[in-house]
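Below you'll find the structure, written out as structure tokens, and then a few comments.
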Amino acid sequence: MHPTINIATRAARSAGNLLLRYFDRVDTLTIDSKGLNDFVTEVDRASEQVIIELLRKTYPGHAIRAEESGYKGGGSDYEWIIDPLDGTTNYLHGFPQFSISIALKHKGVLEQALVYDPMREEMFTATRGEGAQLNDRRIRVTSRKGLQGALLGTGFPYREQAHLDAYLGMFKSFVKETAGLRRPGSAALDLAYVAAGRVDGFWELGLAQWDIAAGALLVKEAGGVVSDFNGGERYLESGNVIAGGLKVHKLMLKMIQPHLSDHLRF
Ligand code: IPD
Ligand code: CA
Ligand code: CA
């Protein structure tokens, strides 16, 4: 394992332990609202602190972009992108599907990725050019050739609802063409599941970079394709993402085109 991923793994495990400790007592947590259907708890913040402190010990000069505390430390070629709890809505309901997502960019290129599911103790990791692993075992996307029989992951636009109709159009097309759709509730983990071949593809719109960064590198290193809604590389900027094996990705991209408004064209 790459030494950097080793450090990130330790940080994710500590944060994961913290998430599990509070999981049985979610009713005691202080919950703040950041916007419509957008909640943050003291656990999101504490998890983020644990991760940042551990990373800072080894890499004091690196920049950090984290969901709850924002961006710190310009001037470095290295930037960590952190979602300390992906799937907060699930977590708050005691629904056991959530993750921690940590990625490292060097000069703007994603180099390291980690998504950790503390409930199942599943650690998904990838280093650019070296493949993707689940608990140290190599993973690959599926080699499915068509949408027939495919299982796809997705996420609903439950906060920003401007594109709800466009999304529902895509949803309807995929319901008709595939074996099934799943909305597990943690985009980072959804992408990790594409990498592990548990779903054939995934799409969602309006995500943030910390939802996507680690999962995108996992999918690519597992032999898959990740793009924005135009088939381009700007998914971290647009927050619109499609991921899957080569063929499934291509078909999904084609399928969503009739539903895209100008705002969704990348
Ligand atoms: C959310 C989850 C969810 C996705 C949302 C994200 P959060 O992240 O990834 O699956 O549908 O768009 O914002 O808020 O739980 O970190
Ligand atoms: Ca998130
Ligand atoms: Ca989060």
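Treat the numbers as computed from the prediction; the structure is a model and nothing was measured. Read the numbers this way: they start at 1 and go in the same order the structure lists the ligands and their atoms.
Of the polar atoms of Gly87, at least one N or O is found under 3.5 Å from an N or O of ligand 1, judged by distance alone. Taking any N or O of Gly155, backbone or side chain, none lies under 3.5 Å from an N or O belonging to ligand 1. Inclusion of Asp190 in the set of residues having an N or O under 3.5 Å from an N or O of ligand 1 is not warranted. For ligand 1, the polar-atom distance check finds no N/O of Thr89 at less than 3.5 Å from any of the ligand's N/O atoms. For ligand 1, the polar-atom distance check finds an N/O of Gly185 within less than 3.5 Å of one of the ligand's N/O atoms.
At a heavy-atom distance under 4.0 Å, atoms from both the backbone and the side chain of Asp86 approach ligand 1. Counting heavy atoms closer than 4.0 Å to ligand 1, residue Asn90 contributes nothing at all. Contact annotation for Tyr158 and ligand 1: only side-chain heavy atoms (C-beta onward) come within less than 4.0 Å of the ligand. At a heavy-atom distance under 4.0 Å, no atom of Pro157 approaches ligand 1.
With Glu121 contributing its side chain and Asp117 its backbone, the two residues share no donor-acceptor pair below 3.5 Å. Side-chain atoms of Asp86 come within 3.5 Å of backbone N or O of Ala188 as a donor-acceptor pair. Remark: side-chain polar atoms of Thr178 are not paired, donor with acceptor, to backbone N or O of Leu147 under 3.5 angstrom.
Among Glu204, Glu68, Gln97, the residue whose heavy atom sits closest to atom 11 (O) of ligand 1 is Glu204.
Minimum interatomic distance between Leu189 and Gln97 (heavy atoms only, all atoms of both residues): CD2-NE2, 3.5 Å.
Of all the atoms in ligand 1, the ones that sit under 4.0 Å from a non-hydrogen atom of Ser186 are 9 (O), 10 (O). Numbered from 1 in the order shown, with element, the atoms of ligand 1 that lie under 4.0 Å from a heavy atom of Asp83 read 16 (O). Taking every non-hydrogen atom of Thr88 and a distance limit under 4.0 Å, the qualifying atoms of ligand 1 come out as 15 (O). Distances below 4.0 Å separate heavy atoms of Ala187 from the following atoms of ligand 1: 2 (C), 9 (O), 10 (O).
The closest approach between Leu85 and ligand 1 falls below 4.0 Å for a heavy atom of the residue. Residue contacts with ligand 1: Tyr91 is excluded, as none of its non-hydrogen atoms falls under 4.0 Å.
The side-chain hydrogen bond (donor to acceptor under 3.5 Å, both in side chains) check on Glu221 picks up nothing, with sequence neighbours excluded.
Less than 3.0 Å away from the Ca ion (ligand 3), the protein contributes these N/O/S atoms: Glu67 OE1, Asp83 OD1, Leu85 O.
The aromatic rings of Phe156 and Tyr167 stand perpendicular to each other, their planes meeting at an angle above 60°, with 30° marking the opposite boundary.
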Run Glu68 and Arg45 through salt bridge (Lys or Arg N to Asp or Glu O under 4.0 Å) and show every step you take.
CA-CA 6 Å; Glu68 311 306 342; Arg45 296 191 181 105; 5.5 Å; no
Could you check Phe124 against Leu114 for side chain to side chain contact (heavy atoms under 4.5 Å, CB included), going step by step and ending with a plain yes or no?
CA-CA 6 Å; Phe124 300 85; Leu114 170 164; over 6 Å; no
Go through the steps for Arg65 and Glu79 under the test salt bridge (Lys or Arg N to Asp or Glu O under 4.0 Å), then give the verdict.
CA-CA 7 Å; Arg65 188 181 300 280; Glu79 180 184 319; 2.8 Å; yes
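To the nearest 0.5 Å, atoms OH (Tyr116) and OG (Ser99) are separated by 11.5 Å. Separation of atoms CD1 (Ile81) and OH (Tyr71) is listed at 9.5 Å; rounding is to 0.5 Å.
Under the salt bridge (charged side-chain N to carboxylate O under 4.0 Å, His left out) criterion, the residue pairs touching residues 194-218 are Glu122-Arg198, Arg144-Asp200, with sequence neighbours excluded.
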Output side-chain donor-acceptor pairs under 3.5 Å for residues 49-58, partner residues at least two apart or in another chain, one line each.
from, atom 1, to, atom 2, distance (Å)
Arg56, NH1, His62, O, 3.3

